[in-house]
Amino acid sequence: MSFGIKPLGCRVVIQKVEAEEKTSGGIILTSSAKEQPQMAEVVAVGPGTKDEEMELKAGDKVVFSKYAGTEIKYGGEVYTIMNQSDILATVE
């Protein structure tokens, strides 16, 4: 999938899933009270390097380190670019 951002090396572009609007008890959360999501969908991946092979592919659901990556706005959407090593796990 080519959408205009092509990560280099072992970097990936992810788009975070939306945070919950409501608690399990039914309390509606304001935007400042929502916990930032740590789950995302991989949108694009780099080619990898000779030292580190790319293990992810576009469409993978992943869990990532809380403070990892750099957020960017592109085409009205917010994406995060991070190293593959900041991805903790894939979600099936």
>> Taking the side chain as everything from C-beta on, heavy atoms only, tell me whether T90 gets closer than 4.5 Å to L56.
In response: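 When only atoms from C-beta onward are counted, L56 and T90 do touch, with a gap below 4.5 Å.
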> Going through the checks in order, is the side-chain contact (heavy atoms from CB on, under 4.5 Å) test met by V12 and M82?
Replying inline: CA-CA 6 Å; V12 297; M82 65 177 52; 3.9 Å; yes
> Is there a chain of hydrophobic side chains (I, L, V, M, F, W, Y, each step under 4.5 Å between heavy atoms) that links V91 to V17?
Replying inline: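 Both belong to a single hydrophobic cluster.
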>> Taking side-chain hydrogen bond (donor to acceptor under 3.5 Å, both in side chains) as the definition, give me every residue that meets it alongside K61, ordered by chain and number, with sequence neighbours left out.
In response: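 Expected list: E41.
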>> To check you understand the geometry: which heavy-atom pair defines the closest contact between M39 and F64, and what is its length?
In response: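 It is N-CE2, 3.8 Å.
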>> Taking side chain to side chain donor-acceptor pair (under 3.5 Å) as the cut-off, I'd like each qualifying pair that reaches into residues 44-60, sequence neighbours left out, listed once.
In response: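 Qualifying pairs, neighbours excluded: E52-Q84, K57-D60.
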> Which residues pass the side-chain contact (heavy atoms from CB on, under 4.5 Å) test with E77, sequence neighbours left out?
Replying inline: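 Result, side-chain contact (heavy atoms from CB on, under 4.5 Å) vs E77: Q15, Y79.
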>> For a side-chain contact (heavy atoms from CB on, under 4.5 Å) check, start with the C-alpha distance between Q38 and K16, then their side-chain angles and the critical distance, and finish with the verdict.
In response: CA-CA 7 Å; Q38 285 181 258; K16 296 177 183 175; over 6 Å; no
Could you pull out all donor-acceptor pairs under 3.5 Å where a side-chain atom in residues 4-11 meets a protein atom, sequence neighbours excluded?
none

> How long is the span from the CG atom in D86 to the CD1 atom in I81, to the nearest 0.5 Å?
Replying inline: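 The CD1 atom of I81 is 12.5 Å from CG of D86, to the nearest 0.5 Å.
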